[in-house]
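Notes follow once the structure below has been shown.
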Protein chains: 2
Amino acid sequence: MTIKEVCSRFGISPDTLRYYERVGVIPEVHRTAGGIRDYTEEDIGWVETAACFRSAGMPIDLLVEYVRLYKEGSSTISARCELLKQARAHLLAEQQKCKEALKKMNYKISVYEKAVETGVLDWNNGACGCPCSAEQE
Amino acid sequence: MTIKEVCSRFGISPDTLRYYERVGVIPEVHRTAGGIRDYTEEDIGWVETAACFRSAGMPIDLLVEYVRLYKEGSSTISARCELLKQARAHLLAEQQKCKEALKKMNYKISVYEKAVETGVLDWNNGACGCPCSAEQE
DNA sequence: ATACTACCTGGAGTTCACTCAAAGTCAAGA
DNA sequence: TCTTGACTTTGAGTGAACTCCAGGTAGTAT
């Protein structure tokens with residue numbers, strides 16, 4: 001599979017894919033005799049994993065370290081397991097932050113929707129624990 | 001409340017707080033006669049909101065635009081409402097990406113935990129739809 | 001054989017969100 | 001009053017993650 005096909009499949013630019021390979025977010029990709037990248041299913045699996053974790057905000061370093069350990073072979077299995085658990089903690093923290101932001105956001109939107117109807121913003125902070133006191137008008 | 005107290009309350013550096021004010025993520029903060037920032041409850045409300053949304057990955061521009069509209073007064077209420085809905089969509093997308101990454105991560109960890117016990121990595125891709133074919137060893 | 005397009009590399013440039021430094025001011029304690 | 005330490009501004013510097021560019025090669029269509 002060409003780089004272009006992989007790009008359109010995952011919504012990543014060719015520059016980004018080459019960058020990922022260069023810094024080690026994914027292992028070296030298979031090439032044609034002429035030196036052009038020809039992604040195997042295995043390569044694509046790595047790209048999908050990298051794209052998934054990156055889109056969730058996982059830092060590059062962590063993915064690079066994982067690939068480094070992977071290349072070292074089965075002696076690093078437990079190290080990789082620890083790394084993944086650390087990565088999971090990171091993701092759970094991100095998810096929690098999203099949740100909190102969404103809670104706050106939903107409250108703000110509900111107040112604004114009422115205001116769009118009535119023309120008056122009516123914050124009711126104490127009741128919801130949402131710190132919107134700064135926005136009384 | 002001094003800048004230091006606000007910082008320790010939200011885990012933000014003084015530089016970051018001043019930066020937020022400078023670029024307009026939060027409105028101008030109240031000052032003492034000597035020109036030193038003295039955060040009111042209202043100011044703190046803005047900081048909390050900014051910190052919450054920023055930690056969830058909301059871009060600075062969006063928050064700046066919201067504050068800009070807020071300062072323009074009640075004529076921008078419906079515009080602000082639209083902006084918040086757009087922001088919510090952004091957060092929901094983030095949350096979804098976290099969820100997908102966690103699903104993949106949990107599968108990988110489960111495989112690795114088994115491998116740490118047995119010493120053998122045993123991917124079972126077809127069964128879970130998880131693209132881990134790149135990591136068979 | 002000749003275009004033409006997509007790919008290659010190495011390295012420089014960009015964007016975002018801070019973060020730091022320099023030089024000066026404010027405020028409390030000895 | 002002097003010192004000390006926290007605050008102020010302006011502007012430059014940093015790190016992460018791309019993104020672009022120049023100059024060259026691969027592969028296909030005519």
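Note that the structure is predicted; figures quoted are calculated from it, not measured. Proteins get letters first, then strands, A, B, ... in listed order; numbering begins at 1 in each.
Rounded to whole Å, the distance from CD on A:Glu21 to P on D:dA17 is 18 Å. Atom CG in B:Asp38 sits about 15 Å away from atom C1' in D:dT8, given to the nearest Å. The nearest whole Å value for the distance from the CD1 atom in B:Ile36 to the P atom in C:dG24 is 18 Å. Here the C1' atom of nucleotide D:dC20 and the CG atom of A:Leu17 are 16 Å apart, to the nearest Å. Spacing between atom CG of B:Asp61 and atom P of C:dC18 amounts to 12 Å, rounded to whole angstrom units. Taking atom OH of B:Tyr19 as the reference point, atom C1' of D:dT10 lies 15 Å away to the nearest angstrom. Residue A:Ile26 contributes atom CD1, which lies 14 Å from atom C1' of D:dC18 at whole-angstrom precision. Regarding B:Glu28, its CD atom lies at a distance of 14 Å from the P atom of D:dT8, rounded to whole Å.
Checked against salt bridge (Lys or Arg N to Asp or Glu O under 4.0 Å), A:Arg68 has the following partners two or more places apart in sequence or in another chain: A:Glu65, A:Glu72.
The side chain of A:Ile3 lies closest to C:dC7, out of C:dC7, C:dC18, D:dA16. Considering only side-chain atoms of B:Thr16, the nucleotide from C:dT19, D:dT19, C:dT9 that sits closest is C:dT19. Closest contact between the side chain of A:Lys4 and the listed nucleotides D:dT8, C:dA6, C:dA17 involves C:dA6. The nucleotide whose nearest atom lies closest to any side-chain atom of B:Ile60 is, among C:dC18, D:dC7, C:dC8, C:dC18. For B:Asp15, the side-chain atoms get nearest to C:dC20 when compared with the rest of C:dC20, C:dC26, D:dA16. Side-chain proximity of B:Arg54 to the nucleotides C:dA17, D:dA17, D:dA26 is greatest for C:dA17. Here the nucleotide nearest the side chain of B:Arg22, chosen from D:dA17, C:dT19, C:dC7, is C:dT19.
Checking the phosphate oxygens (OP1, OP2) of D:dC18, a side-chain nitrogen or oxygen of A:Tyr20 falls inside 4.0 Å. Distances shorter than 4.0 Å separate some side-chain N or O of B:Arg18 from OP1 or OP2 on D:dT8. In this model, the phosphate group of C:dC8 is approached by a side-chain N or O of A:Arg37 to a distance below 4.0 Å at OP1 or OP2.
The shortest side-chain heavy-atom distance between A:Lys4 and A:Pro14 does not fall under the 4.5 Å cut-off.
When all heavy atoms of A:Leu63 and A:Ala50 are compared, the pair lying nearest together is CD1-O, 4.3 Å. Contact record, B:Ile12 with B:Cys7: O-CB, 3.0 Å, taken as the closest heavy-atom pair.
Counting any heavy atom pair closer than 4.0 Å across all strands shown, A:Pro59 reaches sugar-phosphate atoms only and no base atom.
Both B:Ala33 and A:Arg31 sit near DNA chain C, but only A:Arg31 has its closest nucleotide nearer the 5' end.
For B:Trp46 and B:Tyr39, the distance between ring centers is not under 6.0 angstrom.
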